[in-house]
Each structure stands twice: as structure tokens, then as C-alpha cells.
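Note sheet for the following structure.
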Amino acid sequence: MDEVKVVVAHSERATLRVGDVFLKVDADQARIDVEVEAMALAPVPTPEVLWRKPPVLAIAAVPGTALGRLGEPSTASPAAWASAGAAIRKLHDAPLPPWTGRGLDELAADLDGECERLVTNGVLPADLVTRNRQVAEAALRPWTPVFTHGDLQIAHVFVDGDEITGIIDWSEAGQGDALFDLAILTLGHEEHLGDVVAGYGTDVDLDVIRAWWSLRSLLAVRWLVEHGFDPSAPGCEVDVLRSRL
């Protein structure tokens with residue numbers, strides 16, 4: 001039989017690869033529901049759903065390679081990054097999905113609470129948290145909801161040459177801020193932001209994207225530590241926060 005490879009595993013979910021099949025096991029079936037429906041609705045390349053037997057979802061591998069990895073230089077061409085921007089624009093122009101995301105008030109409350117915990121528990125220095133909380137303020141403004149992927153990490157976008165072959169991991173999809181998706185894709189890869197915006201094809205507020213970099217990193221650091229990941233690795237979330245100083 002094919003080798004079983006653990007792609008990611010923690011207390012909430014796990015993803016295994018067996019040959020060209022990914023098996024996703026999730027304790028929260030609502031996330032799987034969202035993932036399956038979002039892939040059906042999204043007007044961009046997505047993995048084929050092979051079968052589902054709760055709590056397991058089986059999907060086919062998409063061709064190509066990931067656009068890159070957080071903390072590592074991307075070998076993808078500027079044209080590939082621009083293609084990613086164009087695909088995101090196509091998604092954002094699609095009809096809204098039927099479920100909503102976090103509201104502005106909830107997001108602001110989550111950010112305030114997380115910043116307090118980061119400082120109180122000594123996870124990050126107070127000056128680093130304070131500065132990035134100031135930067136993050138620019139993201140806390142009203143936005144027109146669009147169909148967002150919700151977790152558009154660089155490793156979730158696959159390319160073959162300069163073409164997008166698939167976008168994976170849709171469990172956080174919903175109605176949200178368009179600039180959030182652009183920010184998550186370019187988190188830790190600021191040098192490719194211009195290519196992505198060129199492909200996206202419309203005016204983008206770069207200050208808001210930078211604000212989302214800070215906000216996302218502040219919200220993610222403690223979760224990553226608690227689930228066995230290292231946000232302080234070179235080029236990852238802590239470095240993103242330090243770059244705002």
C-alpha cells in the first residue's frame with residue numbers, strides 16, 4: 001500500500017495523505033460541511049471530493065506544487081503570484097456564500113482579549129504587542145462582504161508553472177473582508193504583494209493589508225504555540241510582528 005504521511009495533526013483535526021488521496025479528520029463536522037459546500041460554490045479550481053464518511057472527508061490531491069511555505073523563500077514566478085491574485089479576485093466577485101463570518105465587533109473584542117493574554121502570560125513582549133495592536137487598528141473598519149477563502153495561506157494555493165491548479169482547505173470560507181484573503185496569502189512574503197495586487201486588478205489599500213498581517217499574527221501566536229507549532233521560526237508570525245517595529 002502507499003505510505004501514509006501525516007500532513008498536519010493536532011487536537012482539533014488531522015490530515016493524512018495516502019498516495020493521491022487526502023483524508024481529513026475533523027472533530028467539528030460544521031467545518032467539514034463548510035469545506036464541502038464552499039468547494040462546490042467557488043469559481044476557482046478546488047480538490048475533487050471522493051467520499052465522505054463522518055468524521056472523515058476524502059479528497060483528491062490537486063496537481064502542481066504549493067505557491068510556497070511560510071518561513072521559506074517562494075520559488076514561484078511573479079506571474080504565478082499574479083495568477084493567484086486573479087483567482088482571488090474571481091472568488092471575491094462570486095455570489096456570497098449563505099453563511100457569515102466573524103463581525104467587526106467580535107473581531108475587535110477577540111483582538112483586545114488576545115493582546116491582553118499575550119502580555120499577561122509573557123508570550124510576547126508588551127512593546128511588540130502594543131505596536132502591532134496599533135497597526136491592526138486599520139483593519140477594524142467596515143467592509144463590503146465578499147466570498148472569502150478565510151485561510152488562504154501560501155501553502156493552500158497550488159500552481160503548475162504560472163497557472164493556478166487548485167486551492168485547498170476551505171473550512172474557514174465565508175463572507176468576509178477581501179483584503180483579509182490578500183493579506184493571508186502574502187503573510188511573510190511581502191516582496192510578492194505587488195505581483196498579487198497586479199493580478200487582483202483593482203485598487204487595494206496596502207495599509208489595511210499590513211494591518212491584517214499584524215492582526216492575524218497576534219491572534220495566531222498563542223494558538224500555534226499551544227498546538228505544537230513554532231511561530232517564532234524565521235520568517236513566521238513573530239518575525240512578521242517584529243517587522244512592524
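Since this is a predicted model, take the numbers as computed values, not measurements.
- A salt bridge does not link Asp205 with Arg210: none of the charged nitrogens is closer than 4.0 Å to a carboxylate oxygen.
- For the pair Trp213/Ile184, no side-chain contact is recorded, criterion being any heavy-atom separation below 4.5 Å from C-beta on.
- Ionic pairing of Asp151 and Arg216 is present here: one or more N-O contacts between side-chain nitrogen and carboxylate oxygen are shorter than 4.0 angstrom.
- A tilted orientation is assigned to the rings of His189 and Trp81, their planes being inclined by 30° to 60°.
- Asp28 has its side chain out of reach of Glu12: every pair of non-hydrogen atoms, C-beta onward, lies at least 4.5 Å apart.
- The shortest side-chain heavy-atom distance between Ile88 and Tyr200 falls under the 4.5 Å cut-off.
- Contact check for Asp33 versus Arg52: side-chain heavy atoms found under the 4.5 Å cut-off.
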Next item on the list: Show the numbers, then the answer: is there a salt bridge (Lys or Arg N to Asp or Glu O under 4.0 Å) between Glu35 and Arg13?
Entry: CA-CA 13 Å; Glu35 178 152 15; Arg13 66 185 83 168; over 6 Å; no
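- Under a 3.5 Å cut-off, the side chain of Thr165 and the backbone N or O of Pro63 do form a donor-acceptor pair.
- Considering only heavy atoms from C-beta on, Ile167 comes within 4.5 Å of Leu152 through its side chain.
- Between Leu23 and the choices Val18, Thr15, Val4, Ile59, the side-chain contact (heavy atoms from CB on, under 4.5 Å) rule is met once, by Val18.
- Counting only heavy atoms from C-beta outward, the side chains of Thr148 and His92 approach each other to under 4.5 Å.
- Between Phe147 and Pro95 the shortest heavy-atom distance is CD1-O, 3.5 Å.
- Heavy atoms only, all atoms of each residue included: Ser214 and Leu241 are closest at O-CD2, 3.7 Å.
- Salt bridge status for Asp93 with Arg89: present, with a side-chain N to carboxylate O gap under 4.0 Å.
- Salt bridge status for Arg17 with Glu3: absent, with no side-chain N to carboxylate O gap under 4.0 Å.
- Ring pair His149/His156 is tilted by interplanar angle, where 30° to 60° counts as tilted.
- A pairwise comparison of heavy atoms in Gln29 and Pro54 identifies OE1-CB, 3.4 Å as the closest pair.
- Closest heavy-atom contact between Leu118 and Val129: CB-CG2, 4.1 Å.
- Looking at Arg242 and Asp239, a side-chain N of the basic residue comes within less than 4.0 Å of a carboxylate O on the acidic one, giving a salt bridge.
- Proximity of Glu37 to Pro97: side-chain heavy atoms (C-beta onward) are nowhere separated by under 4.5 Å.
- Counting all heavy atoms, side chain and backbone alike, Leu215 lies closest to Ala136 at CB-CB, 3.8 Å.
- Electrostatic pairing of Arg133 and Glu137 counts as a salt bridge here, judged by a charged N lying under 4.0 Å from a carboxylate O.
- Residue Pro78 is tested with Asp195, Asp162, Val196 for a side-chain contact (heavy atoms from CB on, under 4.5 Å); the sole match is Asp195.
- The closest side-chain heavy-atom distance from Leu67 to Phe158 is not below 4.5 Å.
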Notebook entry, point to check: Going through the distances and angles, do Asp26 and Val56 end up as a side-chain contact (heavy atoms from CB on, under 4.5 Å)?
Noted result: CA-CA 7 Å; Asp26 200 313; Val56 182; over 6 Å; no
